[in-house]
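These notes concern the structure reproduced below.
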Amino acid sequence: MIQPGESSAEILGATTGVQRAPFAKLELFQLKRFLPPDLCLELIALIEQGRRPSTIADDNGDALFRTSETCDLDPAAPAVRQLEDRLLSLNRIDPRHGEPVQGQRYAVGQEFKAHTDYFEPGGRDWEKYCAIAGQRTWTFMVYLNAVEAGGGTRFGAAKKIVQPEAGKLLAWNNRRPDGSPNPATLHHGMKVRRGVKYVITKWYREKPWG
Ligand SMILES: O=C(O)CCC(=O)C(=O)O
Ligand SMILES: [Fe+2]
C-alpha cells in the first residue's frame, strides 16, 4: 500500500507524456507542457507581485548559496487552484500532505547552489522543519518560462541538466525505496546568464502539513 504522502512511478506513468530519466538510483520524471502558456503567465504575474528574498533551511553560512527570490502563493488565487488540481490529477498525493505552493524568481547571476530538498535527519533544523509534518517525500517543480541563457537544473549524480521550458514539469522522489533520504537527488538551480527565470516549487510531506 502506498503511503498518503507518496506518489509513484506507476501513478505518474498513467499520464500520457510523462518520461522517466534513465537512472536507477534516482526516480526523476519530466512532463512537457504540463501547464498551458496562459496559466504560466498568470503565475509569473503573481510571483512578481509577492516576491521576497529566498531563505534556506540548514543554513551552511554561505550567503550566496541561494540568491533568488521566493513568493508564497495565495492558495485561494484561481491560478494556484488550477495548478493544484493539475498536480493532484498527476500525482494523486493527498493535498493535505502538500506544503503551500511557492514561486521562485532568478534574475541574471542568481542561483540555488547544489542542495537536496529533504532535511538532514538529526541536523540542526530537523526539529524546526520536520517535527509536525515529517520529512519531504516528493518534489514537483514547474518551469514557467524559457530562459535566454543559463538557469538549468543540474543533477550531478545523473549527469543531467534540465533546461527551463514554459510549462515543463520536473518531479522526483527525495527518498530511496527503503524510505531513507536519497543523496542522488542533489541538484543545483544554475545561474541565469540572460533573462529571468520563474519556477513553481511544490513539496510534499510524510504527514499532513500544519
Ligand atoms: O530553480 C531550480 O532549477 C531549482 C529550484 C530548487 O531546487 C528548489 O527551489 O528547491
Ligand atoms: Fe531544490
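Read the numbers this way: they start at 1 and go in the same order the structure lists the ligands and their atoms. Counting from 1, the numbers follow the sequence of the chain as shown.
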Any side-chain heavy atom of [X] within less than 4.5 Å of one from [Y]?
{"X": "Phe140", "Y": "Leu83", "result": "no"}
{"X": "Thr137", "Y": "Arg205", "result": "no"}
{"X": "Leu88", "Y": "Ile93", "result": "no"}
{"X": "Arg86", "Y": "Leu35", "result": "yes"}

Quick one: nearest non-hydrogen protein atom to [atom], plus distance?
{"atom": "atom 2 (C) of ligand 1", "value": "Lys197 NZ, 3.1 Å"}
{"atom": "atom 9 (O) of ligand 1", "value": "Thr201 CG2, 3.5 Å"}
{"atom": "atom 5 (C) of ligand 1", "value": "Tyr106 OH, 3.4 Å"}

query: Is Arg136 close enough and on-axis enough to Tyr118, meaning under 6.0 Å and within 45°, for cation-pi?
result: no

field: Option set His188, Glu111, His187, criterion heavy-atom distance to atom 7 (O) of ligand 1, minimum
entry: His187

query: Are any of the N/O atoms in Thr153 less than 3.5 Å from those in ligand 1?
result: yes

- prompt: Purely on distance, is any nitrogen or oxygen of Tyr143 under 3.5 Å from one on ligand 1?
  reply: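 No, since none of the N or O atoms of Tyr143 sits under 3.5 Å from an N or O of ligand 1.
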
field: Of Arg52, Lys197, Arg105, the residue whose pairing with Glu69 passes salt bridge (Lys or Arg N to Asp or Glu O under 4.0 Å)
entry: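 Result for salt bridge (Lys or Arg N to Asp or Glu O under 4.0 Å) with Glu69: Arg105.
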
field: Test item, Met190 contacting ligand 1 (heavy atom, 4.0 angstrom)
entry: no

query: Can a non-hydrogen atom of Gln102 be found less than 4.0 Å from any atom of ligand 1?
result: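 Per 4.0 Å heavy-atom rule, Gln102 does not contact ligand 1.
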
field: Apex the Fe ion (ligand 2); atoms Asp117 OD1 and His187 NE2; angle rounded to 10 degrees
entry: 90°

query: Can Tyr204 and His97 be said to form a ring-ring contact (aromatic ring centres under 6.0 Å, His included), step by step?
result: CA-CA 5 Å; Tyr204 294 90; His97 289 244; 8.7 Å; no

- prompt: Under a 4.0 Å heavy-atom limit, does Thr139 contact ligand 1 with its side chain, its backbone, both, or neither?
  reply: neither

message: Counting only heavy atoms closer than 4.0 Å, does ligand 1 sit against the backbone of Tyr198, its side chain, both, or neither?
response: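 Neither part.
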
- prompt: Are Glu165 and Lys32 within salt-bridge range, i.e. N to O under 4.0 Å?
  reply: yes

task: Below 4.0 angstrom from a heavy atom of Met141, which ligand 1 atoms are there? Numbered from 1 as shown, please.
output: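 So the answer, numbered in order with elements, is 2 (C), 3 (O), 4 (C).
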
